[in-house]
J.: 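First the structure, which I've put down as structure tokens, then a few questions once you've had a look.
In each ligand, atom 1 is the first atom listed, and ligand 1 is the first ligand listed.
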Amino acid sequence: MLGLMQDRPLVLPHIFHRAEQLFGRKEIVTATADGEQRITIAEWAQRVRRLATALDRLGISADGRVATFCWNTAAHLELYLAAPCTGRVLHTLNIRLFPDQLTYIANHAEDEIVFVDRSLLPLLWPLTDKMDTVRHYVVIDDGADVDIPDDPRILDYDQLLAESEPFAGQFIVEDENTAAAMCYTSGTTGNPKGVVYSHRSTVLHSLISLIADGAALSERDVVLPIVPMFHANAWGLPYGCLLAGSTIVFPGPNMTPKAVLELLASHQVTVTGGVPTIWMGALPMLGDYDLSHLRVLLCGGSAVPKSLSEAYREKLGVPLLHAWGMTETSPIATMSTRRSQHDELTEEQRANVRAKQGQPVPLVELRLVDPDTGDELPWDDVHTGEIQAAGPWIAKEYYRGEGGGSQYTEDGWLRTGDVAAADEYGFVRLVDRTKDLVKSGGEWISSVELENEIMAHPKIAEAAVIAIPHERWVERPMACVVLKPGESLTAEEVLEHLKPRVAKWWLPDAVEFIDEVPKTSVGKFSKKTLRDKFAGYKLPGADA
Ligand code: AMP
């Protein structure tokens with residue numbers, strides 16, 4: 001017997017029409033080089049409608065890939081809706097990738113058109129001759145003082161919209177499994193792989209930013225998405241804001257800690273989200289701003305150090321809200337909000353819980369699997385294994401079958417490559433990535449835990465731990481440490497600080513002081529770059 005409910009597809013036109021119909025007077029603000037642009041959702045929706053017909057006029061195929069090379073702006077959000085609502089596929093190019101990766105990705109996705117912020121044109125233009133399938137480059141004028149080449153492939157965004165009639169009526173996407181957006185993810189090996197989100201996966205995932213045991217976005221919120229819109233759809237925040245009717249503030253190109261803090265204060269932002277690096281950078285200046293309206297600081301993408309979250313709790317009264325996920329998981333998979341079982345804990349114990357990645361959000365299923373035997377492991381906070389994930393917004397394969405399916409199990413779960421333990425409530429504690437663990441004498445050392453403990457030192461700004469080959473132990477940990485400005489510390493002092501905090505055999509064999517931990521294109525610690533930098537490094541006593 002079948003249920004007798006309406007079979008309405010879960011598609012992005014719903015999010016668009018809902019925002020247009022219910023929240024037209026709400027504002028979208030974009031910070032620009034010379035001030036701020038303000039637009040109401042009603043005006044923004046008209047531009048989305050014009051953009052929809054513009055894509056038709058330019059002859060973009062029915063399911064053509066519409067690429068963006070943009071900052072977080074209201075115009076980028078126009079593309080977020082216009083491309084999928086007309087059946088096309090939004091492809092957000094990561095502006096921080098290397099030229100070779102960008103041209104590979106654009107060709108692999110067969111992008112037909114690229115929308116580019118004027119300030120980013122100098123980065124993109126030298127690559128365009130290698131982008132084989134792109135026919136048009138549409139420049140969005142963000143006021144940057146950048147010359148625009150005289151080339152017939154180049155169009156002006158505002159002019160294009162002005163020349164296009166607004167699409168009238170309702171956008172229709174019949175099949176909720178139609179592709180809506182794609183995002184490439186760079187692994188440590190091989191070429192970047194395309195993750196293709198569907199309308200259904202995106203709509204369901206958007207709801208997650210509205211749940212109470214999450215960011216709980218509401219119409220009253222003012223939201224500043226700092227996480228880039230080219231990184232897993234800015235963690236779903238833009239679509240979530242449109243669903244909830246929240247006011248959106250986009251940071252535009254200037255994402256320095258000072259600029260971010262100014263926006264948080266001047267717009268009385270209530271919810272924001274970004275990788276730990278952003279919050280580390282902003283920490284020393286927190287006292288200079290009135291941030292009393294902030295209620296959620298969403299943080300993830302890499303482990304949130306306990307000391308960082310605690311510093312925010314002490315200074316603002318709001319800790320960082322830790323979330324875990326990956327491009328393949330849309331990305332939100334777990335969130336670490338406080339639950340009733342934490343009420344009896346001390347503040348110190350709660351801080352430990354907050355440093356965990358959190359509990360799987362509704363509709364996401366996780367399991368821990370022993371990488372050697374393939375057995376499922378108990379959730380006892382002790383056993384550690386690879387996290388595997390399943391759910392309606394988890395990828396089932398990569399675009400064009402890249403990777404040969406090796407990242408997916410036979411029963412269709414995603415192998416995340418992240419190693420974790422989980423407590424009886426399913427609160428996940430990430431120990432490491434499979435490839436970043438240090439295997440010393442057959443036992444695993446968690447580089448993430450070591451980094452956390454090192455970063456708890458008041459004079460240390462950042463720390464990254466990598467494995468160095470060792471004749472006797474196979475691998476031993478080496479700590480790369482960045483000091484806070486004006487501070488000094490010796491390697492011995494770092495080790496003294498660690499001694500009461502970790503097992504003796506976990507103590508790094510060497511401590512190197514560096515100016516900065518290299519970051520990936522999405523602002524995470526690039527262990528790969530550090531491993532390359534220290535290739536051939538000799539540990540003291542390594543040949544013993
Ligand atoms: P990406 O697809 O670029 O977003 O990278 C996903 C990877 O980032 C995950 O597989 C994790 O290794 C790492 N990651 C994301 N969130 C967290 C977190 N909260 N704590 C630790 N690592 C994280």
J.: Which pairs of nitrogen or oxygen atoms, taken one from ligand 1 and one from the protein, are under 3.5 angstrom apart?
T.:
{"from": "ligand 1", "atom 1": "2 (O)", "to": "Thr327", "atom 2": "N", "distance (Å)": "2.8"}
{"from": "ligand 1", "atom 1": "2 (O)", "to": "Thr327", "atom 2": "OG1", "distance (Å)": "2.7"}
{"from": "ligand 1", "atom 1": "3 (O)", "to": "Lys524", "atom 2": "NZ", "distance (Å)": "3.4"}
{"from": "ligand 1", "atom 1": "4 (O)", "to": "His231", "atom 2": "NE2", "distance (Å)": "3.0"}
{"from": "ligand 1", "atom 1": "4 (O)", "to": "Lys524", "atom 2": "NZ", "distance (Å)": "3.1"}
{"from": "ligand 1", "atom 1": "5 (O)", "to": "Lys524", "atom 2": "NZ", "distance (Å)": "2.7"}
{"from": "ligand 1", "atom 1": "8 (O)", "to": "Gly301", "atom 2": "O", "distance (Å)": "3.3"}
{"from": "ligand 1", "atom 1": "8 (O)", "to": "Lys524", "atom 2": "NZ", "distance (Å)": "2.8"}
{"from": "ligand 1", "atom 1": "10 (O)", "to": "Asp418", "atom 2": "OD1", "distance (Å)": "3.4"}
{"from": "ligand 1", "atom 1": "10 (O)", "to": "Asp418", "atom 2": "OD2", "distance (Å)": "2.7"}
{"from": "ligand 1", "atom 1": "12 (O)", "to": "Asp418", "atom 2": "OD1", "distance (Å)": "2.6"}
{"from": "ligand 1", "atom 1": "12 (O)", "to": "Asp418", "atom 2": "OD2", "distance (Å)": "3.3"}
{"from": "ligand 1", "atom 1": "12 (O)", "to": "Arg433", "atom 2": "NE", "distance (Å)": "2.6"}
{"from": "ligand 1", "atom 1": "12 (O)", "to": "Arg433", "atom 2": "NH2", "distance (Å)": "3.3"}
{"from": "ligand 1", "atom 1": "14 (N)", "to": "Gly301", "atom 2": "O", "distance (Å)": "3.2"}
{"from": "ligand 1", "atom 1": "16 (N)", "to": "Gly301", "atom 2": "N", "distance (Å)": "3.0"}
{"from": "ligand 1", "atom 1": "19 (N)", "to": "His322", "atom 2": "NE2", "distance (Å)": "2.8"}
{"from": "ligand 1", "atom 1": "19 (N)", "to": "Ala323", "atom 2": "O", "distance (Å)": "2.8"}
{"from": "ligand 1", "atom 1": "20 (N)", "to": "Ala303", "atom 2": "N", "distance (Å)": "3.2"}
{"from": "ligand 1", "atom 1": "20 (N)", "to": "Gln357", "atom 2": "NE2", "distance (Å)": "2.9"}

J.: For Glu347, is there an ion pair with Arg354 - N to carboxylate O distance below 4.0 angstrom?
T.: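 Yes, charged N to carboxylate O under 4.0 Å.
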
J.: For Lys533, is there an ion pair with Glu512 - N to carboxylate O distance below 4.0 angstrom?
T.: no

J.: What about Tyr425 and His342, are their ring centers closer than 6.0 Å?
T.: no

J.: Which of parallel (below 30°), tilted (30 to 60°) and perpendicular (above 60°) describes His470 and Trp473?
T.: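 Judged by the thresholds at 30° and 60°, the geometry between His470 and Trp473 is tilted.
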
J.: Assign the ring pair Tyr239 / Tyr80 to parallel, tilted or perpendicular, where the plane angle (0 to 90°) is split at 30° and 60°.
T.: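 Ring orientation, 0 to 90° scale: tilted.
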
J.: Between Glu110 and Arg65, is the closest basic N to carboxylate O distance under 4.0 Å?
T.: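 Yes.
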
